[in-house]
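Right, one structure below, let's go through it.
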Number of protein chains: 2
Amino acid sequence: MRSIRPGQELMAYGAPVSGPLIILSGWAVRSRILADGRRQIMSFILPGDLIGNCRQRCPLSVSSIVALGSLTLCPGPIAIPALDQVYAVSHALDEAYLLAQITRLGRLSAEERLIDLMLELYERLSLSGLTADDGFTWPLTQSALADALGLTPVHVNRTLQHLRGRGDVTLRSGHLQLTDPYQLAKRVGHITARVTGSSELS
Amino acid sequence: MRSIRPGQELMAYGAPVSGPLIILSGWAVRSRILADGRRQIMSFILPGDLIGNCRQRCPLSVSSIVALGSLTLCPGPIAIPALDQVYAVSHALDEAYLLAQITRLGRLSAEERLIDLMLELYERLSLSGLTADDGFTWPLTQSALADALGLTPVHVNRTLQHLRGRGDVTLRSGHLQLTDPYQLAKRVGHITARVTGSSELS
DNA sequence: CGAAACATTGAACACCCTCAAGGCCTGTGG
DNA sequence: CCACAGGCCTTGAGGGTGTTCAATGTTTCG
């Protein structure tokens with residue numbers, strides 16, 4: 001098990017991938033920085049998630065991975081046939097979340113993007129039992145949210161206030177509370193990721 | 001080998017994935033349609049590309065796949081250990097292209113998005129020998145481009161004319177010609193996808 | 001207690017959208 | 001051969017969503 005400090009880079013863009021890691025606690029982001037400093041967050045990595053899950057020889061990282069807060073992680077087991085399915089499902093879910101992110105950025109309004117992302121995080125954390133009473137720990141700054149949603153921090157702030165004003169969410173001191181997740185999902189047309197026919201998840 | 005008509009759906013969203021397929025000729029798109037009719041194209045599928053490349057049990061499709069023009073394809077070989085690496089690299093490249101798409105949609109301007117996508121398609125087709133003299137067949141309507149780039153067809157049209165006006169590209173009758181790919185790549189900070197340490201690609 | 005990071009607010013502007021109309025090209029049928 | 005229909009592309013004018021710049025308030029932490 002390893003401990004990581006806030007802001008530390010777990011994996012650098014273009015660097016060789018050493019091996020699979022499992023996040024035990026804390027959040028991280030997969031991101032890319034453009035030449036002029038613009039940053040795009042591709043996806044969020046939550047407790048229980050697997051990273052560095054590559055099958056090709058000499059894999060290179062296609063994104064950098066940065067710890068949002070303090071993080072603990074441990075090496076993932078390799079070459080255990082019984083875990084093939086777990087790795088495969090994990091990989092498929094990762095892909096599904098990337099597709100959801102593309103749809104958010106390409107076709108949703110700022111308000112829809114925020115709600116849709118909150119619902120995705122809520123569902124993913126629920127699978128690990130990290131939610132309680134439709135709420136969960138929220139370590140994201142508005143600036144990080146902006147980089148994930150393709151917006152500016154200023155506009156994220158205004159959109160958040162709009163959501164608070166409508167009573168859709170309660171967000172303060174690192175905790176997000178969804179007033180009515182089902183109703184929100186219906187409003188923005190949010191769909192839950194599903195990658196296998198049977199109901200075996202994660 | 002199978003032939004597919006223009007507009008035909010190869011794979012439906014949420015439907016079981018039957019098995020791997022290889023595109024022999026023609027282009028297709030991975031897309032998702034929202035409840036109100038908005039469409040987002042996640043990625044383009046080019047000749048030589050592999051689809052339905054899932055390892056989990058009972059895989060469900062997380063996007064629908066639609067033929068852009070006429071298409072020919074054949075089933076991909078399965079359970080041949082020697083091909084594991086090919087499948088792994090194909091999968092890694094797919095992921096890299098999704099990340100590139102996320103960055104395009106989240107942080108690039110309309111003009112940058114267009115150029116960046118053109119360069120990606122150019123590079124991918126080059127790997128299959130489907131380009132000649134910095135140009136290639138261009139089967140995309142402006143409407144399809146808009147759905148891929150998160151823009152409206154009207155604005156795609158205006159942006160294209162701007163590019164033509166600057167002499168960056170020549171686009172007419174189904175053929176795209178890049179005036180100076182290297183210069184364009186430099187201008188928008190485009191980076192070529194790379195997923196393995198050695199120089200074995202595709 | 002002071003500094004730094006984060007959140008909030010206002011005003012002006014830009015990029016891209018919407019709506020609507022017209023032009024071009026291709027294939028089809030009379 | 002011509003008329004017509006249906007995609008697709010093009011163009012204009014006006015409006016809205018989100019940006020930029022800048023300043024102030026708030027929280028956190030050493």
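A quick note: this is a predicted structure, and the numbers were derived from the prediction, not measured. Each chain gets a letter, A, B and so on, in the order its sequence line appears, and its residues count up from 1.
- To the nearest angstrom, P of D:dT17 lies 14 Å from CZ of A:Arg158.
- Looking only at distances, no side-chain donor or acceptor of B:Glu111 sits under 3.5 Å from a matching main-chain atom of B:Val188.
- A straight line from NE2 of A:His155 to P of C:dC13 spans 18 Å, rounded to a whole angstrom.
- Between the side chain of B:Thr72 and the backbone N or O of B:Leu24 there is no donor-acceptor pair closer than 3.5 Å.
- Between A:Leu184 and the choices A:Leu163, A:Asp116, A:Leu119, the side chain to side chain contact (heavy atoms under 4.5 Å, CB included) rule is met once, by A:Leu119.
- Across the protein-nucleic acid pair, B:His162 atom NE2 and C:dC16 atom P stand 12 Å apart, rounded to whole Å.
- Two residues, A:Arg107 and A:Asn157, neighbour DNA chain C, and the one matched to the more 5' nucleotide by heavy-atom proximity is A:Asn157.
- Across all strands, A:Gly174 comes closer than 4.0 Å to no nucleic acid atom at all (heavy-atom distances).
- Here the P atom of nucleotide D:dT20 and the CG atom of A:Leu151 are 11 Å apart, to the nearest Å.
- Contact annotation for A:Leu160: no contact, since no heavy-atom pair falls under 4.0 Å across all strands.
- Within the 3.5 Å criterion, the main-chain N or O of B:Tyr13 finds no donor-acceptor partner in the side chain of B:Ser64.
- For the pair A:Leu145 CG and C:dC6 C1', the interatomic distance rounds to 13 Å; values are reported in whole Å.
- Regarding B:Arg172, its CZ atom lies at a distance of 13 Å from the P atom of D:dT10, rounded to whole Å.
- Comparing A:Arg113 and A:Ser173 by the nucleotide of DNA chain D that holds the closest heavy atom to each, the one mapping nearer the 5' end is A:Arg113.
- With hydrogens and angles ignored, the 3.5 Å screen pairs a side-chain donor or acceptor of B:Gln56 with a backbone N or O of A:Val195.
- Contact between the side-chain N/O atoms of A:Arg164 and the OP1/OP2 oxygens of C:dA7 is not found at any separation under 4.0 Å.
- The side chain of A:Thr141 lies closest to C:dC6, out of C:dA11, C:dC6, D:dT11.
- Following rounding to the nearest Å, A:Gln142 (CD) and C:dT9 (C1') show an atom-to-atom distance of 12 Å.
- When each of A:Ser109 and B:Gln161 is assigned the nucleotide of DNA chain D bearing its nearest heavy atom, the one mapping closer to the 5' terminus is B:Gln161.
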